[in-house]
S.K.: 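There's a structure below that I have some questions on.
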Amino acid sequence: MKKIITFGTFDLFHIGHLQILKRASELGDYLIVGISTDALNFSKKQRNPICSQQHRMEIIKELKCVDEVFYEDSLELKRNYILESDADVLVMGDDWAGKFDEFKDICEVEYLPRTPSISTTELIEIVREI
Ligand code: C2G
């Protein structure tokens, strides 16, 4: 069985999130998703997500293309998460291109093109302006 792993915050879940998860799942037989905790998100983006980690996890785990979810507490633990889940391929959007090449010794690393013209940050800005 070919296992795929991917990571993200998936705040204000949108079509770009759905598309990367669907495309990631099509690369193998079993998709595992690491969901950034609120604390990790704050440390990465200096703001709290709009949706709590519990809500973000509930949404992701109900998707047909997703088989397993867990919380990603720290970027530094990525190697452990990949090894513990026994993943064959790490998939990320190409905004992360090159950033995870260090894991090529333990799995394949694939960067998929992002869905254009949508992001959580843009959604927040649009809603703010209304
Ligand atoms: N994404 C996409 N197209 C968009 C927006 C996002 O393909 N228009 C992808 C991103 O490239 C990422 C995934 O959706 O692979 C989740 O995006 P974010 O929630 O923004 O994830 P991020 O906060 O970058 O967390 O350890 C890595 C981090 O946890 C990634």
Side-chain angles (χ1 to χ4, degrees):
M1 183 168 66
K2 192 168 177 184
K3 285 188 175 180
I4 314 294
I5 191 167
T6 191
F7 295 86
T9 309
F10 306 103
D11 192 22
L12 296 179
F13 192 79
H14 60 66
I15 191 70
H17 296 148
L18 183 63
Q19 280 178 348
I20 197 153
L21 292 173
K22 279 170 76 174
R23 284 181 293 158
S25 75
E26 284 159 11
L27 295 175
D29 308 299
Y30 191 86
L31 177 60
I32 303 161
V33 184
I35 295 170
S36 299
T37 57
D38 294 338
L40 172 57
N41 202 259
F42 193 84
S43 73
K44 280 192 300 188
K45 299 181 186 174
Q46 284 70 56
R47 66 168 176 80
N48 280 313
I50 308 283
C51 303
S52 68
Q53 62 191 45
Q54 289 86 354
H55 289 183
R56 292 183 285 110
M57 179 176 268
E58 267 194 55
I59 292 167
I60 304 296
K61 86 172 168 20
E62 289 303 322
L63 297 173
K64 252 195 272 179
C65 59
V66 173
D67 298 288
E68 192 179 316
V69 288
F70 68 93
Y71 286 124
E72 180 190 27
D73 288 306
S74 158
L75 295 179
E76 282 70 47
L77 290 174
K78 209 166 243 88
R79 178 173 291 273
N80 298 39
Y81 295 134
I82 296 168
L83 289 171
E84 277 167 19
S85 64
D86 198 26
D88 301 290
V89 189
L90 168 63
V91 172
M92 291 299 299
D94 62 3
D95 46 326
W96 291 92
K99 302 256 166 61
F100 298 122
D101 287 356
E102 66 191 277
F103 304 122
K104 284 185 174 168
D105 58 334
I106 51 168
C107 65
E108 288 171 44
V109 181
E110 289 251 11
Y111 303 101
L112 301 181
R114 273 169 72 94
T115 303
S117 314
I118 186 152
S119 72
T120 302
T121 309
E122 279 169 69
L123 288 177
I124 292 171
E125 274 161 23
I126 291 164
V127 173
R128 271 212 182 112
E129 281 163 22
I130 289 171

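Each ligand, and each atom within it, is numbered from 1 in the order the structure gives.
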S.K.: How about K44 and S36: does a side-chain donor come under 3.5 Å of a side-chain acceptor?
M.R.: yes
S.K.: Kindly identify the option in F13, F100, Y111, W96 whose heavy atom sits closest to atom 30 (C) of ligand 1.
M.R.: W96
S.K.: Report the part of T6 (side chain from C-beta onward, or backbone N, CA, C, O) that has a heavy atom under 4.0 Å from ligand 1; answer both or neither where that applies.
M.R.: neither
S.K.: Among all the protein's non-hydrogen atoms, which is closest to atom 18 (P) of ligand 1, and how far away is it?
M.R.: T9 N, 3.9 Å
S.K.: Before signing off on this row, confirm whether N41 and ligand 1 have an N or O atom pair separated by under 3.5 Å.
M.R.: no
S.K.: Look only at interatomic distance and state if K45 has a nitrogen or oxygen under 3.5 Å from any nitrogen or oxygen of ligand 1.
M.R.: yes
S.K.: Look at R56 together with D38 and state whether they make a salt bridge at an N to O cut-off of under 4.0 Å.
M.R.: yes
S.K.: Between E68 and K61, is the closest basic N to carboxylate O distance under 4.0 Å?
M.R.: no
S.K.: Should I118 be counted as touching ligand 1, given the test is an N or O pair under 3.5 Å?
M.R.: yes
S.K.: Charged N to carboxylate O below 4.0 Å: is that the case for R114 and D94?
M.R.: no
S.K.: Looking only at distance, does F7 have an N or O less than 3.5 Å from an N or O of ligand 1?
M.R.: no
S.K.: For the residue pair Y81 and F7, categorise the inter-ring angle as parallel (less than 30°), tilted (30 to 60°) or perpendicular (more than 60°).
M.R.: tilted
S.K.: Distance to 0.1 Å, residue and atom name: give those for the protein heavy atom nearest to atom 12 (C) of ligand 1.
M.R.: G93 N, 4.2 Å
S.K.: To the nearest 0.5 Å, tell me how far Q54 CD sits from T37 OG1.
M.R.: 10.5 Å
S.K.: Give the residue and atom name of whichever protein heavy atom lies nearest to atom 28 (C) of ligand 1, and the separation in Å to one decimal.
M.R.: K44 NZ, 3.1 Å
S.K.: Just jot down the ligand 1 atoms closer than 4.0 angstrom to any heavy atom of L75, in number order.
M.R.: 26 (O)
S.K.: Test your reading of the structure: does K78 have an N or O sitting under 3.5 Å from an N or O of ligand 1?
M.R.: yes
S.K.: In terms of atom number and element, which parts of ligand 1 are under 4.0 angstrom from non-hydrogen atoms of D95?
M.R.: 10 (C), 11 (O)
S.K.: Taking atom types as modelled, find out whether D88 and Y30 have a side-chain donor-acceptor pair closer than 3.5 angstrom.
M.R.: no
S.K.: For atom 7 (O) of ligand 1, find the nearest protein heavy atom and state the residue, atom name and distance (0.1 Å precision).
M.R.: R114 CA, 3.5 Å
S.K.: Mind checking whether S36 has an N or O less than 3.5 Å away from an N or O of ligand 1?
M.R.: yes
S.K.: Specify whether W96 and F100 have parallel, tilted or perpendicular ring planes, treating 30° as the upper limit for parallel and 60° as the lower limit for perpendicular.
M.R.: parallel
S.K.: May I ask you to check whether F10 has an N/O atom sitting below 3.5 Å from an N/O atom of ligand 1?
M.R.: yes
S.K.: Closest heavy-atom contact between I50 and D11?
M.R.: N-OD2, 2.7 Å
S.K.: I'd like to know whether ligand 1 has H14 as a neighbour, heavy-atom separation below 4.0 Å.
M.R.: yes
S.K.: Taking N or O atoms only and a 3.5 Å limit, does T115 qualify as a polar contact for ligand 1?
M.R.: yes
